[in-house]
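Have a look at the structure below, then the notes.
Worth saying up front: this structure is predicted, and the values here are computed from it rather than measured.
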Amino acid sequence: MSRSPLLTRRSLLKAGGAALASGLVLPSFSRAALANDTQTVRLGWGPGGIPPIARRRGELEKRLLAQGIKVQWVGPFPNHAPSMQAIVGGSADFSFWGSTTPALAAMLAGSPLAFASFNVYSPRSTQIIVKKDSGINEVSDLVGKRIAVNKAGLGEFLVVAALEKHNIDLKEVQFVYLNPPDAGPAFASNKVDAWAMWSPGVEISLIANDAKSLFFEGKDLDFLIDYSSLVVARDFAEKQPTLVRAVLDAYYEEGKWISEHPEEAEEFARQENGYSEAVRDLLVSYRRQNRFYEAGDQDFMADFQRAADWLAERKIIKAPIKVSDYSLKF
């Protein structure tokens, strides 16, 4: 996979039709057209990733307003699925850089969505966590235990990958399907033995519940299976290609700033989410780097297809999917 740190602006191509035979191709329009009237774009946000930092910092909104685009933040959403539901329901235009796994599941189910962009941030920090006093010290100790995961999402795929890596049959553990607002209290009250979760929820729980990491995505996976993704409705992208391009470029600038200013960025995230300074400091220690990709990057798309095939083979998503058919191509 090539590793270009920040995508440059590229001309949008003539629309290739409604069928996504080789990726959704957007028509070309002048960026200057946005300057004539103010448009409003509705951006989804949740506790983690780029949006809460951008929302608190305010520079993304200024950058877009200078182009005649007013930002309305929609959320917070606890995970990617409800933010995509908001797009389908007409209350949001963009999701919030959520997991590709539930996005693939939604697309397979018929949701009229497409990937606009992808963020490969490193290190990835989704983890399987357990209480320090649980007696669970290795992945093999999960046999017979209850593990909270979000269905067809980061949590489920990470547990499947961990069990497979340690030669444990899936039937030997009990998957408890819960969304984060329910999974956190269940883990805290010992109603489940382990929890697969992403940032910042996993770091909050590590500290608040005297927990420890059992399997860490960034170092324990053999290859990336999931990516952060920005999702839009296909018809919206076809009708508003200049707006989509402007939002992507604004997010890329924000991601670059976050990579270069981890202390300031994580303090903005702490202020937005209200967690402790100890959680902030743990997140700062990752010193994450954001790298963005679009469907025109063939190396990235090959890696993403490999990940989608892995998910389909293990029935985490219900069927194989050709990811380029559901990705905006510039």
Side-chain angles (χ1 to χ4, degrees), residues 6 34 38-87 89-99 103 116-119 121 125 154 179-181 184 197-204 227-233 236 240 243-277 279-284 286-292:
L6 187 66
L34 288 174
T38 300
Q39 296 179 310
T40 296
V41 64
R42 300 165 301 172
L43 305 180
W45 72 283
I50 297 174
I53 297 171
R55 187 171 181 266
R56 173 67 60 159
R57 197 166 84 98
E59 292 301 316
L60 179 143
E61 294 173 57
K62 293 177 183 176
R63 188 175 295 115
L64 288 174
L65 189 58
Q67 300 176 62
I69 306 169
K70 182 179 179 180
V71 171
Q72 177 185 338
W73 293 102
V74 181
F77 297 104
N79 53 315
H80 204 192
S83 84
M84 292 185 290
Q85 290 166 4
I87 295 173
S91 60
D93 300 315
F94 288 78
S95 70
F96 70 92
W97 293 104
S99 166
S117 184
F118 307 89
N119 179 16
Y121 66 82
S125 56
L154 269 75
N179 281 327
M197 182 57 181
W198 53 89
S199 294
V202 68
E203 287 80 14
I204 293 171
Y227 305 92
S228 292
S229 58
L230 197 63
V231 172
V232 297
F236 172 80
Q240 301 278 4
L243 184 62
V244 172
R245 181 75 264 169
V247 170
L248 293 185
D249 288 344
Y251 265 132
Y252 297 163
E253 290 295 334
E254 193 73 14
K256 182 175 184 291
W257 182 89
I258 290 169
S259 296
E260 294 171 349
H261 302 86
E263 291 88 356
E264 294 171 72
E266 294 299 348
E267 174 57 21
F268 279 126
R270 188 194 71 78
Q271 292 171 10
E272 189 67 17
N273 292 310
Y275 47 69
S276 70
E277 292 182 356
V279 171
R280 177 204 62 197
D281 293 344
L282 178 54
L283 290 165
V284 168
Y286 297 156
R287 298 196 170 272
R288 285 199 185 99
Q289 296 295 302
N290 296 289
R291 293 179 182 271
F292 299 94

So, E267 and R270, do they make that salt bridge, N to O below 4.0 Å?
yes
Are E61 and W73 linked by a side-chain donor-acceptor pair shorter than 3.5 Å?
yes
Minimum heavy-atom distance V74-S91, with the two atoms named
CG2-O, 3.6 Å
State, to 0.1 Å, how close L64 and A246 come at their nearest heavy-atom pair, and which atoms those are.
CD2-O, 3.5 Å
Under 30°, 30 to 60°, or over 60°: which ring-plane class applies to H80 and F96, parallel, tilted or perpendicular?
perpendicular
Aromatic plane relationship, W97 with Y252 - under 30° parallel, 30 to 60° tilted, over 60° perpendicular
tilted
From R56, K62, R57, residue fulfilling salt bridge (Lys or Arg N to Asp or Glu O under 4.0 Å) relative to E59
K62
Distance from Y275 atom OH to L283 atom CG, nearest 0.5 Å?
5.0 Å
Is Y121 close to I50 at the side-chain level, that is, under 4.5 Å between some pair of heavy atoms?
no
Between V232, L43, D93, which is the residue that forms a side-chain contact (heavy atoms from CB on, under 4.5 Å) with V247?
L43
Do the side chain of S259 and the main chain of N290 share a donor and acceptor less than 3.5 angstrom apart?
yes
Restricting to non-hydrogen atoms, name the atom on S95 and the atom on L230 that form the minimum distance, rounded to 0.1 Å.
O-CD1, 3.3 Å
Answer whether the closest heavy-atom distance between the side chains of L248 and S117 falls below 4.5 Å.
yes
From R63 atom CZ to E254 atom CD, the distance as rounded to the nearest 0.5 Å:
6.0 Å
Specify the closest pair of heavy atoms between I87 and V231, including all atoms of both residues, with the distance to one decimal.
CD1-O, 3.2 Å
So do the side chains of I258 and F268 get within less than 4.5 Å of each other, counting heavy atoms only?
no
Show the nearest heavy-atom pair for residues N273 and P52, with the distance to one decimal.
ND2-CB, 4.3 Å
Got a second to check how far H261's NE2 is from K256's NZ, nearest 0.5 Å?
8.5 Å
N/O donor-acceptor pair under 3.5 Å between N119 side chain and S229 backbone:
no
Are R287 and E263 within salt-bridge range, i.e. N to O under 4.0 Å?
yes
Between the side chain of S228 and the main-chain N/O of S99, is any donor-acceptor distance below 3.5 Å?
no
d(I69 CD1, L60 CG) to nearest 0.5 Å is 9.5 Å
Side chains of Y286 and E203: closer than 4.5 Å at any heavy-atom pair?
yes
Once rounded to the nearest 0.5 Å, what's the spacing between atom CD of E266 and atom CZ of R280?
9.5 Å
Check S199 against R288 and note the closest heavy-atom contact, atom names and distance.
OG-NH2, 2.7 Å
Nearest-0.5 Å distance, CD of residue E264 to CH2 of residue W257:
4.5 Å
